[in-house]
Participant: 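Take a look at this one; I'll ask things after.
For this chain, numbers begin at 1 and follow the sequence in order.
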Amino acid sequence: MGLGLGLGLGLGLGLLFPGLLAIWLVLAKDNDSLARWHLKRLPALIIIFAALILTYIDLPLGSIYLNLGGVFIFGFCCWLLALLDSKERVKSVISALIIAAIIFISKSGLLWSIELLSHISIAIAIILAVLLAAAGGSYPSAMATAGLGVELAGFVWTFAAFGEMGLPFLDLFCLITAGAWLSLALITYFKKRRLTKAL
């Protein structure tokens, strides 16, 4: 089963994330939240638009096509990984490998031949990927984990000649990152609320 069909559960929803992120960057009053990313507003916007544009470009390598958007996101997430401390880095790499395996197995339909069960397994895979990405405890870690996991699965998928990466993988990366960031924001909110009540 192709990812485009399987991720029809969320296809397009993840692609709202880059647009919303770009709007937030434009409207944000300061760049303090980008400090840990070692980025300023303009470079961050360029990265977002570069990822979107490059996703529509495939590089022919013999009988396969390598998506430049996937390569760009993978490279950016490797850079994010290098910014993390050693403990976060190890956790992120392990989580990314698990995410890659989960996505590849769900996408390939190895678990189920029944379409409904395949849809359910992909939904579960997305939820597990979100939890694994959020486990790092920081926004850069969550994005690095999601990007590395999704793109690793995409590279394996491409080189195994099952198909191309393109928009479905970008959508999945954005969906997992957004879910992980939302989880982290909720955790932070409830922690602050608990501290406020304790005081």
Participant: Indicate if Leu54 and Trp79 have the same hydrophobic cluster label, given that clusters are the connected sets of ILVMFWY residues with side-chain heavy-atom separations under 4.5 angstrom.
Facilitator: yes
Participant: So, taking the atom named CG in Leu80 and the one named CH2 in Trp37, what distance separates them when rounded to the nearest 0.5 Å?
Facilitator: 5.5 Å
Participant: Measure the shortest side-chain to side-chain distance between Ile47 and Leu39 over non-hydrogen atoms and say whether it is less than 4.5 angstrom.
Facilitator: yes
Participant: Should Leu61 and Ile73 be regarded as members of a common hydrophobic cluster, given that ILVMFWY residues are connected when their side-chain heavy atoms come within less than 4.5 Å of each other, either directly or indirectly?
Facilitator: yes
Participant: Find the distance between CD1 (Ile46) and NZ (Lys40) and round it off to the nearest 0.5 Å.
Facilitator: 13.5 Å
Participant: Working to the nearest 0.5 angstrom, can you tell me the gap between Ile99 CD1 and Phe173 CZ?
Facilitator: 11.0 Å
Participant: Please round to the nearest 0.5 Å and tell me the distance separating atom CD1 of Ile127 and atom CG of Leu132.
Facilitator: 12.0 Å
Participant: Minimum heavy-atom separation for Ser95 and Thr145, please, with both atom names.
Facilitator: CB-CG2, 3.5 Å
Participant: Would you say Phe76 ends up clustered with Trp181 if hydrophobic residues are merged whenever their side chains have heavy atoms under 4.5 Å apart, either directly or through other cluster members?
Facilitator: yes
Participant: Output the distance between atom CD (Glu88) and atom OG (Ser138), rounded to the nearest 0.5 Å.
Facilitator: 4.0 Å
Participant: If I compare all heavy atoms of Ala133 with all of Ile176, which pair ends up nearest, and what's the gap?
Facilitator: CB-CG2, 4.1 Å
Participant: Have a look at Ile103 and tell me which of Val156, Leu172, Ile126 forms a side-chain contact (heavy atoms from CB on, under 4.5 Å) with it.
Facilitator: Leu172
Participant: Please, which pairs that meet ring pair (Phe, Tyr, Trp, His ring centres under 6.0 Å) have at least one residue in residues 41-64, sequence neighbours excluded?
Facilitator: none
Participant: Could you report the tightest heavy-atom contact between Arg89 and Leu84, atom names first, then the distance?
Facilitator: NH2-O, 2.5 Å
Participant: Going by the rule ring pair (Phe, Tyr, Trp, His ring centres under 6.0 Å), which residues pair with Phe72 if we only count those two or more places apart in sequence or in a different chain?
Facilitator: none
Participant: Determine the minimum heavy-atom distance between Pro18 and Cys174, stating which atoms define it.
Facilitator: CG-SG, 3.6 Å
Participant: Answer yes if Tyr139 and Leu131 sit in the same cluster of Ile, Leu, Val, Met, Phe, Trp and Tyr residues linked by side chain heavy atoms under 4.5 Å apart, and no otherwise.
Facilitator: no
Participant: With a 4.5 Å cut-off on side-chain heavy-atom distances among I, L, V, M, F, W and Y, is there a chain of contacts connecting Ile124 to Phe104?
Facilitator: yes
Participant: So how far is it from Ile57 CD1 to Leu68 CG, rounded to the nearest 0.5 Å?
Facilitator: 6.0 Å
Participant: Taking side chain as C-beta onward, heavy atoms only, is Asn67 less than 4.5 Å from Leu170?
Facilitator: no
Participant: In the structure I gave you, are the side-chain heavy atoms of Phe159 and Leu66 within less than 4.5 Å of one another anywhere?
Facilitator: yes
Participant: With a 4.5 Å heavy-atom cut-off, do Pro140 and Leu83 have their side chains touching?
Facilitator: no
Participant: Where do Ala96 and Leu148 come nearest, in terms of heavy atoms and distance?
Facilitator: CB-CB, 3.7 Å
Participant: Looking at every heavy atom in both Ala180 and Ala142, which two are closest together, and how far apart are they?
Facilitator: CB-CB, 3.8 Å
